[in-house]
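See below for the structure under consideration.
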Amino acid sequence: MTSLAFPNFKTHFSALFEQAALAIAPPGVSVRIELTRTKQADHGDYSCNLAMQLAKPLHKNPREVANLLIAALPASPYLEKTEVAGPGFINLFLKNSAKQQYLHYVSQSGEAYGCSGLGQGKKIQLEFVSANPTGPLHVGHGRGAAFGASLADVLAAAGFDVSREYYVNDAGRQMDILTLSTWLRYLEICGVHIPFPQNAYQGEYVKAMAQLIHQAHDRRYLHQPESLLDGLPDDARAMPVASDELLDKLIANAKATLGEDYAYIHNFVLTEQLGDCRNDLMEFGVEFDVWFSEQSLHDNGLIARAVEMLDKKHYLYQQDGAMWFRSTDFGDEKDRVVRRENGQYTYFASDIAYHLNKFERGFDYLIDIFGADHHGYIARVKGAIDALDYDSDNLDVALVQFAVLYRDGKKAPMSTRSGEFVTLRELREEVGKDAARFFYVMRKSDQHLDFDLDLAKSQSNENPVYYIQYAHARVCSVLAQWDGEVEALLSADTSWLSNPAELALLQKLIDYPDTIEAAAKEYAPHLIAFYLRELAGEFHSYYNSTRFLVPEIPIQSARLALIASVKQVLSNGLKLLGVNAPDKM
RNA sequence: GUGCCCGUAGCUCAAUCGGAUAGAGCACCAGCCUUCUAAGCUGGGGGUUACAGGUUCGAUUCCUGUCGGGCACGCCA
């Protein structure tokens, strides 16, 4: 094995087929070497469809081409035999000795096994979650968090230099509504009762923040209701306010009434919510390298600068008192406003400045993880990037569908404003971090997720995460009873591993780096989840068919070396998903 | 109405940029614990890949249409 810098059989055979193709293909014909793992054992270990690709340009039937390719294929020390099968597949059978020797590579690599240099150290900025800091994270955010964190780790394992970033929407109207909501609750505590608007934040956490302010500052922010209700229609004084205009009027009045104190409350609720969010995510195993403030874009003049840059390139125009970006020039359905009639920049303007800033920080690639309801937003962002002379192909947007929660067979409500929702924290407390993280990434991110709370809560054997963790714990248990030094297994004679379960397990271990590469290329951590399920399955099967702690020491060592590597790969994979690998269960 | 996504076993989902006999789990049925953890294993039934056409050696995958579901169509974020 030492003859290969990185002993990846797929890469190795691809290179051989490349040479074979060069030998027989007509000049000018380019082909893609595709090597796939076979589904059936009698098709060998790897399969190549190159002959079928070359059949047409060569004007020969595929099976004939396959034989030519095999004849032109350079010798490989790992290859037992080749076969032409079906319409013209070339099936490759690995030598058992190649699989057996490969195990040494796995055990020597340890925690690093599965990592590759695919990304060549390119810098990727991954933005995810980025929820408004206006209340607790709910289960929808949880999916974005789990997906983003796993994807970041997968990309890092694949050799990218990943920066995880949370964009804090601390500049918008929603923050004002939260500030108002908190102050109104504070006034209630002080004995001033003003009808609480229906479209303000209803959650208990708002009352809790009001309580904190009251404890720290007593009645310092107390004002009588007259100035707050100034300019509101009479019925709004008695009835809960429901319209956006009335809410905005209330916010304006609150700012006028509180003066500089408004900023204090605004800052207090922001700090409080952000701290809660950060803590929540940390307990979920999700951490960020950068928390980027939207407000800082305003404060540093970066939005004005970005808009000015667009203007200089003549991509902006005035209409109806507002300033518009010609996003239709870049394939968007309609042009978009960047500065409103009232002179304020839109959220889109902030986002243009933000993405410009990302590129200026020197990232090679950007990835945004959005909720699927934002898909209409992609065209305008990419348009703005292109307008600013960066390449929008270097931005990928991964859409994550919302998780729909089911409780007692019914959909659970998920409106933040109504205060009726299941928080991420509640979910973690109910089903545990491991199950939650695993469930979230078990399926493709762009598919709807039906999250059955009762099922997830049941903590029964129905939960697939236990199946994988159990395999890990079983290996630990065997190794503990063996009571030897795992280091000693590095020199085990692995040629004893020759029964079908052992060879299947070895092949499964060989597949792991390819799985990570695929997961990285396709932004698909769910592939890891499926892989781990299969690896655990192969192990449980082996466990039931074969005894490890046998008296014959060479055989025992070989089997223990195998299961120790299984344990290592289970642990490595679970780590990428943010799931714990317990020694005991 | 227009655009995007989706439709696969009873349920929840896979299927490696078009590959071989479409696979798992759950549920159901029948077996396996004096031996390393039964949260496990072994075997079994279960499909016109929504429907109808098209493209080619080959289609769950690509194209067109129909039906059904979701989302988006703000000077909100």
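Chain identifiers are assigned alphabetically (A, B, ...) following the order of the sequence lines, protein sequences preceding nucleic acid strands; residue numbering begins at 1 within each chain.
For the side chain to side chain donor-acceptor pair (under 3.5 Å) with A:Ser47, the lone residue among A:Thr36, A:Asn91, A:Thr38 that qualifies is A:Asn91.
In this structure, B:rC51 shows a glycosidic angle more than 90 degrees from zero, which is the anti conformation.
Within the 4.0 Å cut-off from OP1 or OP2 of B:rA38, at least one side-chain nitrogen or oxygen of A:Arg474 is found. The side chain of A:Tyr470 places an N or O atom within less than 4.0 Å of a non-bridging phosphate oxygen (OP1 or OP2) of B:rA39. Regarding contacts with the backbone of B:rA39, every side-chain N or O of A:Tyr543 stays at 4.0 angstrom or more from both OP1 and OP2. Contact check, A:Arg559 against B:rC36: no side-chain N or O comes under 4.0 Å of OP1 or OP2.
Whole-Å rounding puts the A:Asn544 CG to B:rG43 P distance at 12 Å. As rounded to whole Å, 11 Å separates atom P of B:rA24 from atom NZ of A:Lys508. Here the C1' atom of nucleotide B:rC75 and the CG atom of A:Leu316 are 14 Å apart, to the nearest Å. If you measure from atom CZ of A:Phe439 to atom C1' of B:rG25, you get 10 Å, rounded to the nearest angstrom. Residue A:Leu50 contributes atom CG, which lies 17 Å from atom P of B:rC57 at whole-angstrom precision. Computed from coordinates, the A:Phe438 CZ to B:rU12 C1' distance equals 13 Å when rounded to whole Å. Distance NE2 (A:His141) to P (B:rA77): 16 Å, rounded to an integer number of Å. Between the CD atom of A:Glu538 and the P atom of B:rC41 there is a distance of 11 Å, rounded to whole Å.
Considering only heavy atoms from C-beta on, A:Tyr523 stays 4.5 Å or farther from A:Ile369 through its side chain. Side-chain atoms of A:Phe128 and A:Phe147, non-hydrogen and from C-beta on, never get closer than 4.5 Å to each other. Annotation: side chain of A:Tyr317 is not in contact with side chain of A:Met323 (no heavy-atom distance under 4.5 Å). Between A:Phe89 and A:His43, every side-chain heavy-atom pair lies at or beyond the 4.5 Å cut-off. Here the side chains of A:Gln556 and A:Pro551 are not in contact, with every heavy-atom distance at 4.5 Å or above.
Nucleotides of RNA chain B nearest to A:Thr546 and A:Gly86 differ in position, and the one nearer the 5' end is that of A:Gly86.
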Pairing pattern in dot-bracket form [Watson-Crick, G-U; both distances under 3.5 Å; | = partner strand] for RNA chain B: (((((((..((((.....[...)))).(((((.......))))).....(((((..]....))))))))))))....
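There is no side-chain donor-acceptor pair under 3.5 Å between A:Asn169 and A:Gln174. With no hydrogens or angles considered, a side-chain donor-acceptor pair links A:Gln481 and A:Ser477 at under 3.5 Å. Remark: the A:Ser350 side chain and the A:Glu294 side chain contain an N/O donor-acceptor pair separated by less than 3.5 Å.
Within 4.0 Å of A:Ala85, counting heavy atoms only, lies at least one base atom of the nucleic acid. A:Ser47 comes within contact range of at least one nucleobase, with a heavy-atom separation under 4.0 Å. Using a 4.0 Å heavy-atom cutoff across all strands shown, A:Ala473 reaches at least one base atom of the nucleic acid. Contacts of A:Asp332 with the nucleic acid, taken as non-hydrogen atoms under 4.0 Å apart, are absent. Note on A:Phe548: a base of the nucleic acid sits closer than 4.0 angstrom, heavy atoms only. At a threshold of 4.0 angstrom between heavy atoms, the contacts of A:Ser477 include nucleobase atoms, whether or not backbone atoms are also involved. A:Asp450 comes within contact range of the sugar-phosphate backbone alone, with a heavy-atom separation under 4.0 Å but no base atom that close. Residue contacts shown for A:Asp320 include a base, since a base heavy atom lies under 4.0 Å away. Note on A:Asp583: a base of the nucleic acid sits closer than 4.0 angstrom, heavy atoms only. A:Glu341 comes within 4.0 angstrom of a nucleotide base, judged by non-hydrogen atoms across all strands.
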Please tabulate the protein-to-nucleotide N/O contacts below 3.5 Å involving nucleotides 68-74 of chain B, giving atom names and distances.
from: B:rG70; atom 1: O2'; to: A:His448; atom 2: NE2; distance (Å): 3.1

Output a table of nitrogen or oxygen pairs between the protein and nucleotides 14-16 of chain B separated by less than 3.5 Å.
from: B:rA14; atom 1: OP1; to: A:Lys444; atom 2: N; distance (Å): 2.9
from: B:rA15; atom 1: OP1; to: A:His526; atom 2: NE2; distance (Å): 3.4
from: B:rA15; atom 1: OP2; to: A:Lys444; atom 2: NZ; distance (Å): 3.3
from: B:rU16; atom 1: O4; to: A:Arg37; atom 2: O; distance (Å): 3.0

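Distances were taken from every side-chain heavy atom of A:Arg340 (C-beta onward) to each of B:rC75, B:rC36, B:rC57; the shortest belongs to B:rC75. Among B:rC36, B:rG25, B:rU37, the nucleotide with an atom closest to any side-chain atom of A:Leu549 is B:rC36. Of the candidate nucleotides B:rA20, B:rG25, B:rU37, B:rA20 has the atom lying nearest to any side-chain atom of A:His43. Taking only side-chain atoms of A:Met585, from C-beta outward, the nucleotide of B:rA77, B:rA39, B:rG19 with the closest atom is B:rA39.
Nucleotides B:rG1 and B:rC63 are separated by 24 Å at their C1' atoms, to the nearest Å. B:rC33 and B:rU42 have their P atoms separated by 16 Å, with the value rounded to a whole Å. Nucleotides B:rG44 and B:rC57, compared at atom C1', are 36 Å apart to the nearest Å. One P atom belongs to B:rA22, the other to B:rU61, and the distance between them is 14 Å to the nearest Å. Straight-line distance between the P atoms of B:rA20 and B:rG58: roughly 14 Å, to the nearest whole Å. Comparing B:rU8 with B:rG47, their P atoms sit 15 Å apart, to the nearest whole Å. Look at the C1' atom in both B:rG54 and B:rA14: the space between them is 28 Å, to the nearest Å. Rounded to whole Å, the separation between the P atoms of B:rC36 and B:rU60 comes to 47 Å.
Taking the ring centre of A:Phe402 as origin, the terminal cationic atom of A:Arg143 falls outside the region bounded by 6.0 Å and 45° from the ring axis.
With respect to A:Arg559 and A:Glu502, a salt bridge is recorded, a charged nitrogen being found less than 4.0 Å from a carboxylate O. Ion pairing between a basic and an acidic side chain is recognised when a charged N comes within 4.0 Å of a carboxylate O; A:Arg326 and A:Asp332 show no such pairing.
For A:Asp42 and B:rA20, a side-chain-to-base donor-acceptor distance below 3.5 Å is absent, hydrogens and geometry of angles not being considered.
A parallel orientation is assigned to the rings of A:Phe13 and A:Phe9, their planes being inclined by less than 30° (bins at 30° and 60°). In this pair, A:Tyr345 and A:His298 present their aromatic rings tilted. The plane angle is within the 30 to 60° band. Aromatic ring pairs are classed by plane angle as parallel below 30°, tilted from 30° to 60° and perpendicular above 60°; the pair A:Phe539 and A:Tyr543 is tilted.
Once the 5.5 Å centre distance and the 30° plane angle are applied, the aromatic ring of A:Phe89 is found stacked with the base of B:rA20.
Around CD of A:Gln318, the count of heavy atoms belonging to other residues, nucleotides or ligands within 6.0 Å exceeds 12.
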